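Single-structure report; data block below.
We number each residue from 1, following the sequence as shown. This one's a predicted model, so the numbers in the text were calculated from it and none came from an experiment. Below, each value reflects all heavy atoms present in this structure, side chains not excepted, and no hydrogens, waters or symmetry copies.
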Amino acid sequence: MERSEILIIGGGNAGISLAARLLRDGVRDVTVVAPQPVHRYKPLLNYVGGGQATMADLERPMRDVVPAGCTWVRDSVEAVDPAAMTVRTRGGRTLHCSTLVLCPGLVEDWDATPGLQSAYHDGWAASTYVPGSTPQVWPRLTSLRAGSVVFTVPPEPASCGPTALKPLLMACDHWRRAGVLPDLEVRLVLPTATATGVPEADEILERTFASYGVEVLREARIERVDWDVHAVTVATGTGRRVLEDVAFAHAVPHYRAPRWIADAGLAADPAPGLVDIDPQTLRSRRHESVWAIGDAADVATRPSGGALRYQVDVLAKNIAAARNGTPMQRYDGYTVIPITLSRRKLLLVEVDRDNRPSPSVPFVDPIKPRHVTWFLDRYALPAIYFRRILRGRV
C-alpha cells in the first residue's frame with residue numbers, strides 16, 4: 001500500500017494549483033491522482049470555438065504542470081473508502097492518505113440527452129465544453145449562410161454554464177459583419193429564466209440577444225436529439241417543441257460527478273452526486289479528513305476558475321487549521337462569469353454566494369462591457385494561469 005500525507009484526486013486547475021500551494025506552504029508529502037496526459041486551461045476553449053485561439057494555446061503536457069516535489073499517479077480512480085482513507089485505482093493500486101481532497105471535475109452525462117452523442121459523431125453537433133469537438137465549432141459556425149442554429153447553456157451542475165454564451169455571441173457578431181445574420185434562425189436554449197440571475201448583467205444580455213435576433217427558449221433543455229434527421233426536441237415549462245432541420249447545434253451535454261463519489265457515501269444525492277461539504281469550510285460533512293473543491297463539490301455557488309482561486313486559498317489554510325487546531329477560514333462563494341457580447345467586448349459578473357456584487361477591482365463596474373476586460377480574459381489571464389496560479393502563487 002502506498003502512503004502519502006495529502007492525496008489530491010484531480011489534475012485540473014483545482015488539483016494542480018492546490019498541490020503547488022500546499023508545497024509552497026511547507027507540506028512535504030503531496031500526491032496527485034490524474035489519468036490525463038494533457039492539462040487544459042478550459043476557459044480558452046470558448047475562444048477556440050469563437051475563432052480567437054487554438055488548442056495549442058490552452059494545452060500543456062501534464063508532466064510540465066505537476067509541481068516539483070509532488071508525486072503524480074497517472075491513473076483513474078476506481079473507488080474511495082473514506083473510513084479507511086484509501087483510494088483504489090483502475091490500475092489496481094491502493095493509495096492511503098491522512099488527508100484526502102476531491103477535485104475530479106465533472107463528467108459528461110450523455111445518457112441524459114438521448115441521441116446527442118450520435119449527433120456529435122455525425123458532425124452536426126459539437127461544443128466548446130467537449131474538448132475533442134471544440135476545434136470543429138468555429139469552422140462549422142463560419143460556414144453557415146442560412147438555416148437553423150441552436151445553442152444551449154447547460155443546466156447545473158456545469159462548469160460556469162453561462163460562459164457557453166460566448167460562442168453564440170461571437171458567432172452572431174461574425175454573421176452580422178458577414179451580412180448573413182438575417183438569413184439564420186438562431187435559437188438559445190436556457191435552463192433558467194435568465195442567463196445569469198444577476199439583473200444588471202441580464203438586462204445587458206437581453207438587449208444583446210434582441211439586437212442579434214436570437215430567439216430565447218427559457219426554462220428549457222434539450223430532451224432528445226434525432227441525429228439522423230437533424231431534429232432537436234426541447235422540453236419547456238409549457239410543453240415540448242421540436243426544432244427541425246438544424247444545420248448546427250452547439251449543444252452542451254449535461255454533466256454529473258464521477259459515480260465513485262456517491263458510491264463512497266460522500267454525496268448527499270446520487271444524482272448529480274456532488275461531494276457533500278460545508279460550503280464555507282470546504283470540509284466533508286461526514287468525514288473530517290476529507291475535503292473538496294471545484295466543479296464536483298457542492299459549494300453552493302456557480303463553479304468558475306476565478307472561484308477556484310479563492311477556494312484553493314481557503315482550503316490550504318483550513319487543512320493547516322485542522323492540523324493545528326486553529327480557527328478556519330470561510331469561503332463566501334465568490335465566483336466570476338465572463339461573457340463576450342461580441343468579438344472584442346466582454347462583461348464580467350462577479351458575485352458572492354448570495355448574488356451580491358463582489359468586484360475584484362474597486363471602483364470599477366465589471367458588468368459594463370469593455371474591450372479591456374475581453375483582452376484580460378483572452379490574453380492576460382491565461383498567462384497568469386500558467387505562470388502563477390498553477391505554481392501556487394495566487
Side-chain angles (χ1 to χ4, degrees), residues 12 40-51 53 55 58 105-141 148-172 186-192 194-197 205 209 214-227 230-236 243 246-257 271-272 274 294-296 302-305 335 337-340:
R40 296 185 178 96
Y41 176 61
K42 290 184 179 180
L44 271 189
L45 288 168
N46 281 314
Y47 286 106
V48 175
M55 295 298 287
L58 62 95
L106 300 170
V107 296
E108 292 96 357
D109 188 1
W110 294 107
D111 292 339
T113 315
L116 179 58
Q117 193 168 29
S118 295
Y120 268 66
H121 292 157
D122 200 47
W124 65 270
S127 80
T128 52
Y129 275 63
V130 181
S133 76
T134 300
Q136 305 172 28
V137 172
W138 190 242
R140 290 301 306 269
L141 292 174
S148 172
V149 194
V150 176
F151 291 81
T152 74
V153 169
E156 299 293 338
S159 184
C160 207
T163 60
L165 295 171
K166 283 182 172 180
L168 161 65
L169 298 177
M170 286 190 281
C172 284
V186 184
R187 296 184 177 94
L188 169 64
V189 179
L190 274 183
T192 50
T194 62
T196 70
L205 288 166
F209 298 151
V214 176
E215 180 185 359
V216 182
L217 308 181
R218 304 176 192 278
E219 298 180 317
R221 61 184 64 193
I222 293 181
E223 186 176 69
R224 61 173 292 113
V225 175
D226 293 304
W227 65 272
H230 289 222
V232 173
T233 300
V234 179
T236 71
L243 309 179
V246 175
F248 182 74
H250 184 272
V252 182
H254 293 195
Y255 285 85
R256 58 173 175 80
L274 302 180
D295 296 353
R302 184 172 276 135
S304 71
T335 193
I337 308 167
I339 302 174
T340 52

What I want to check is whether the side chains of Tyr120 and Ser127 have a donor and an acceptor closer together than 3.5 Å. yes
Run Leu106 and Leu274 through side chain to side chain contact (heavy atoms under 4.5 Å, CB included) and show every step you take. CA-CA 9 Å; Leu106 300 170; Leu274 302 180; 3.9 Å; yes
Interatomic distance, Met170 atom CE to Ile339 atom CD1 [nearest 0.5 angstrom]: 11.5 Å
If we only count heavy atoms from C-beta on, is the Tyr47 to Thr340 side-chain gap below 4.5 Å? yes
Would you tell me whether Ser148 and Arg187 have side-chain atoms, one donor and one acceptor, within less than 3.5 Å of each other? yes
Going by heavy atoms in the side chains, are Pro303 and Thr335 under 4.5 Å from each other? no
Close side-chain approach of Pro43 to Thr163, heavy-atom, < 4.5 Å: no
Heavy-atom closest pair (Lys166 atom, Asn46 atom, distance to 0.1 Å) is CD-CB, 3.7 Å
Ile222 side, atom CD1; Leu243 side, atom CG - distance, nearest 0.5 Å: 8.0 Å
With under 30° as parallel and over 60° as perpendicular, where do the rings of Tyr255 and Tyr129 fit, or are they tilted in between? tilted
Is any side-chain heavy atom of Arg256 closer than 4.5 Å to a side-chain heavy atom of Val107? yes
Nearest 0.5 angstrom please: Phe151 CZ to Phe248 CZ, how far? 7.0 Å
To the nearest 0.5 Å, what is the distance between CD1 on Ile337 and OG1 on Thr196? 6.0 Å
So which of Val252, Val232, Val153, Leu217 actually passes side chain to side chain contact (heavy atoms under 4.5 Å, CB included) with Val189? Leu217
Give, for atom CD of Glu108 and atom CG of Leu116, the distance between the pair rounded to the nearest 0.5 Å. 10.0 Å
Are the side chains of Thr113 and Val225 in touch, meaning some heavy atoms are under 4.5 Å apart? yes
Minimum side-chain heavy-atom gap Pro162-Arg302 below 4.5 Å: yes
Under a 4.5 Å cut-off applied to non-hydrogen side-chain atoms, are His254 and Arg221 in contact? yes
Can a donor-acceptor pair be found, under 3.5 Å and without considering hydrogens, that links the side chain of Thr152 to the backbone of Pro154? no
OG1/Thr128 to CD/Gln136 distance, rounded to the nearest 0.5 angstrom? 12.5 Å
Is there a side-chain contact between Pro131 and Leu45 in this structure, where contact means two heavy atoms from C-beta onward sitting under 4.5 Å apart? yes
